[in-house]
There are 2 protein chains.
Amino acid sequence: MATLDDIAKMAGVSATTVSRVINNYGSLSEKTKTKVFAAMKELNYQPNSLARSLKGKKTQLIGVILPGVGNPFFGQMVEEIENQLFNKDFRIILCNAGNDAKKERAYLRMLIANRVDGIIAGSHNLNIEEYQKADLPIISFDRYLSENIPIVSSDNYQGGQLAAQALLASGSKKLQIITGRNRPNSPTNDRLNGFKNIIKQHDLQLDLTEIDFSATPNIKSLKIKELLAKKTIDGIFCTDDLTSLLVMRQAKNLNISIPNDLRLVGYDGTNFIQDYHPELTTIMQPISDIVTMMIDLLLKRIDDPECQLEKNYTLPVKLIAGTSTI
Amino acid sequence: MATLDDIAKMAGVSATTVSRVINNYGSLSEKTKTKVFAAMKELNYQPNSLARSLKGKKTQLIGVILPGVGNPFFGQMVEEIENQLFNKDFRIILCNAGNDAKKERAYLRMLIANRVDGIIAGSHNLNIEEYQKADLPIISFDRYLSENIPIVSSDNYQGGQLAAQALLASGSKKLQIITGRNRPNSPTNDRLNGFKNIIKQHDLQLDLTEIDFSATPNIKSLKIKELLAKKTIDGIFCTDDLTSLLVMRQAKNLNISIPNDLRLVGYDGTNFIQDYHPELTTIMQPISDIVTMMIDLLLKRIDDPECQLEKNYTLPVKLIAGTSTI
DNA sequence: TATAAAATGTCAAACGTTTAACAAAAATAT
DNA sequence: ATATTTTTGTTAAACGTTTGACATTTTATA
């Protein structure tokens, strides 16, 4: 693999000059620039990022820690992050932390060892103390990680409210919430609170079912089936869209008509859902805006590690009306 | 950020000794090991990967170039790649090349500059000559890239055959293929060939509709609607599952019953489809096996760049029977 | 206690780049 | 022709690690 010295020799100039050309610094004649560029092309030269970074340049690498990219929501988010960062000349190291705190810790260590310029973290694991010690720019999606790590999220409380309003407007009176197992500090809590806040102003039945986030779809379906079979509800709010899909499926199996017998509101509103399941009424998180915001903050911190940022940045959500609520 | 020298000072040993501890080389007493480890923990030390790699060690980074992770198929594939590589102590730099050949080239250059140990490439772009010049281990998924880059794929021909057999067995006689725009060397061609191979042994009607791979779901739906509205077909083979979802939706809108009036076979069989759309009969690509194979080959090449590998590795597919074919 | 073996240390070069300081050469202006 | 400016070169240190050569100290063995 060609090195800077090889280029220098080939172009008949000094290594310093080549470096000057690459970094566009100092004064240079067009002629030498041309010579050097020619040699670079000729030898298919790529400056060694490792050496550059070691010498103090940025690595242009961002670590992205998420629960997993198989889920359409995070899939879309990663795609968005990747795209936006590419345009700003950064690359991402993808870390699927899953539900595995140990893995997340290992990844964090690794990212530090690799001297990434910053980290975007949106995992579901709690109590990763390492985030506090990590002395590099970090932005979090929707989770509290440590005192000085800004949290970007969409307005979960508002989302819960919108969901409740949609169900109310559709005339539902016997309401049910289906949500992942509730953890302290989980953003889904806010969704519930927003929902309840609207409901409690009316005199309505409201039940809550928790289904572990990591349960398989089959297991989830089973619980949903039990729930629906009782036929005691006419409105459901699922705190994620995928679970909503399961509800729709089970409802169909049980000959429960949506929206006639049952109304349904989901949460997330990914492109995938909008494209392939437009009948589902759902609360759309503005993924693109969230990512723009996270990247913006992250780059600010990278530019100036001391810069003061807010603790929270909350972006508005939108109701996407489908036919699952009249 | 603590360096090796800091550790040496703190532990009261020489830098060499610390390096020996880290790399577990030379002879060392338990006592010093303990001291050094303690200092490393105390200072939260992470060896600088950049320096190590510069000195000749591997970067433990693998570039992964795919069309995009928003698609469930590639989402699952990335997740699988990430998982398997993590267990072997490698990390991935994720590159969504989309349909953008320019972006793919830029990424390739960047990966080389970053001295990744190897690349897994499964993009849809053609004629990226840079792959030929790239002098590092590369494994391709389902595409021809260059002479000495092994291709791992699932058996597209067999997949086409299975699809055809499923439709035949369901009694369909007026068949339709819906596929992305055909490019030369595209793996979907083999799916078509396998399909046709079975069909031509019978005297049946067969039409083919191409819909550009990158068309939006709405546009695809429109074309599908036109197609179905004619009501001249009773069996459809879609060369990807997402398109199948659109077909199911349009069929429902037109009151065409699946599988009574129309049978449908998709392609890919991701976990997502199996979990959330089990009614769809589809051909499952063994993503996990594909990834295992790719990683296996890649690591072999990394270990021994000269090692001879086959040009093609083809893994069997499976029919997953749903209710979309009786 | 002498001797061998094991553990540690010192030193220095190397990986490929950046960058500062300074000197020399070439081009331009007066 | 001289003075000035621009371009290029030389040299060397630095980034943080690895590794080899060799020397010294400590520990175990006979």
Side-chain angles (χ1 to χ4, degrees), chain A residues 1-40 43-61 109-117 135-136, chain B residues 1-40 43-61 109-117 135-136:
Chain A
M1 187 137 292
T3 73
L4 190 143
D5 279 323
D6 299 332
I7 306 298
K9 254 172 234 154
M10 170 148 223
V13 299
S14 72
T16 303
T17 302
V18 176
S19 181
R20 280 176 183 144
V21 171
I22 293 170
N23 296 288
N24 198 22
Y25 124 99
S27 62
L28 296 161
S29 70
E30 279 310 315
K31 215 172 59 188
T32 33
K33 277 192 202 172
T34 317
K35 268 194 305 186
V36 170
F37 281 131
M40 283 172 43
L43 295 181
N44 201 14
Y45 171 73
Q46 295 298 334
N48 186 326
S49 300
L50 303 170
R52 307 185 85 180
S53 303
L54 184 57
K55 196 59 186 58
K57 297 244 169 192
K58 298 210 296 293
T59 53
Q60 303 294 124
L61 287 171
R109 273 198 302 281
M110 178 279 291
L111 291 175
I112 293 172
N114 275 82
R115 301 303 191 262
V116 295
D117 293 333
D135 184 27
L136 80 172
Chain B
M1 187 137 292
T3 75
L4 191 142
D5 279 323
D6 298 332
I7 306 298
K9 253 172 235 157
M10 171 149 222
V13 299
S14 72
T16 303
T17 302
V18 176
S19 182
R20 279 176 184 147
V21 171
I22 292 171
N23 296 288
N24 199 21
Y25 122 100
S27 62
L28 296 161
S29 70
E30 280 309 315
K31 216 172 58 186
T32 34
K33 278 191 201 171
T34 317
K35 268 195 303 186
V36 170
F37 282 131
M40 282 171 46
L43 296 180
N44 201 13
Y45 171 73
Q46 296 297 334
N48 185 327
S49 301
L50 303 169
R52 308 184 84 180
S53 304
L54 185 55
K55 196 59 187 53
K57 298 246 168 189
K58 297 211 295 293
T59 54
Q60 303 294 125
L61 287 172
R109 274 199 302 280
M110 179 278 292
L111 291 175
I112 293 172
N114 275 83
R115 300 303 190 263
V116 295
D117 292 333
D135 184 28
L136 80 174

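First the proteins, then the strands, lettered A, B, ... as listed; each starts at 1. Everything numeric in this text was worked out from a predicted model, so none of it was measured.
- Taking atom CG of L4(A) as the reference point, atom P of dA12(D) lies 18 Å away to the nearest angstrom.
- Atom NZ in K9(B) sits about 20 Å away from atom P in dT8(C), given to the nearest Å.
- For the pair D6(B) CG and dT17(D) P, the computed distance is 9 Å after rounding to whole Å.
- The phosphate of dT17(D) has OP1 or OP2 within less than 4.0 Å of a side-chain N or O from Y45(B).
- Within 4.0 Å (heavy atoms only), S14(A) reaches at least one base atom of the nucleic acid.
- When each of V18(B), V36(B), D5(B), L43(B) is checked for a side-chain contact (heavy atoms from CB on, under 4.5 Å) with M10(B), only L43(B) meets the rule.
- The R52(B) side chain lies nearest to dT18(D) when the options are dT17(C), dT8(D), dT18(D).
- Where N48(B) and R20(B) meet DNA chain D, the nucleotide closest to each residue was compared, and N48(B) sits on the side nearer the 5' end.
- T17(B) comes within 4.0 angstrom of the backbone, heavy atoms only, and of no base.
- Checked by distance alone, T16(B) brings a side-chain donor or acceptor within 3.5 Å of a matching partner on the base of dC11(C).
- Proximity of K33(B) to N24(B): side-chain heavy atoms (C-beta onward) are separated by under 4.5 Å at one or more points.
- At a threshold of 4.0 angstrom between heavy atoms, the contacts of S53(A) with the nucleic acid are absent.
- Among the nucleotides dT19(C), dT17(D), dG9(D), the one closest to the side chain of V13(A) is dG9(D).
- Judged by distance alone with a 3.5 Å cut-off, no donor-acceptor contact links the side chain of R115(B) to the base of dG16(C).
- Taking the side chain of P47(B) as heavy atoms from C-beta on, and the options dT18(C), dT17(D), dT10(C), the nearest nucleotide is dT17(D).
- Proximity of a side-chain donor or acceptor of T59(A) to a complementary backbone N or O of S53(A) within less than 3.5 Å is not detected.
- Proximity of N48(B) to R52(B): side-chain heavy atoms (C-beta onward) are nowhere separated by under 4.5 Å.
- In this structure, of dT18(C), dT11(D), dT10(C), it is dT18(C) that holds the atom nearest to the side chain of K57(A).
- Taking the side chain of S29(B) as heavy atoms from C-beta on, and the options dG9(D), dT17(D), dT8(C), the nearest nucleotide is dT8(C).
- When heavy atoms are screened at a 4.0 angstrom cut-off, S27(B) is found touching base atoms of the nucleic acid.
- Distance K31(B) NZ to dT27(D) C1': 10 Å, rounded to the nearest Å.
- T32(B) places none of its side-chain heavy atoms less than 4.5 Å from the side chain of V21(B).
- Between the side chains of S14(B) and T17(B), at least one donor N or O sits under 3.5 Å from an acceptor N or O.
- Contact annotation: T3(B) does not reach the phosphate of dG16(D) (side-chain N/O to OP1 or OP2, under 4.0 Å).
- The nearest whole Å value for the distance from the NZ atom in K55(A) to the C1' atom in dT19(C) is 6 Å.
- For L54(A), taking side-chain heavy atoms from C-beta onward, the closest of the listed nucleotides dT8(C), dC15(D), dT10(D) is dC15(D).
- Atom C1' of nucleotide dT17(D) and atom CG of D5(B) are separated by 9 Å, given to the nearest angstrom.
- Computed from coordinates, the K33(A) NZ to dT7(D) C1' distance equals 12 Å when rounded to whole Å.
- Spacing between atom CG of L28(B) and atom C1' of dT25(D) amounts to 15 Å, rounded to whole angstrom units.
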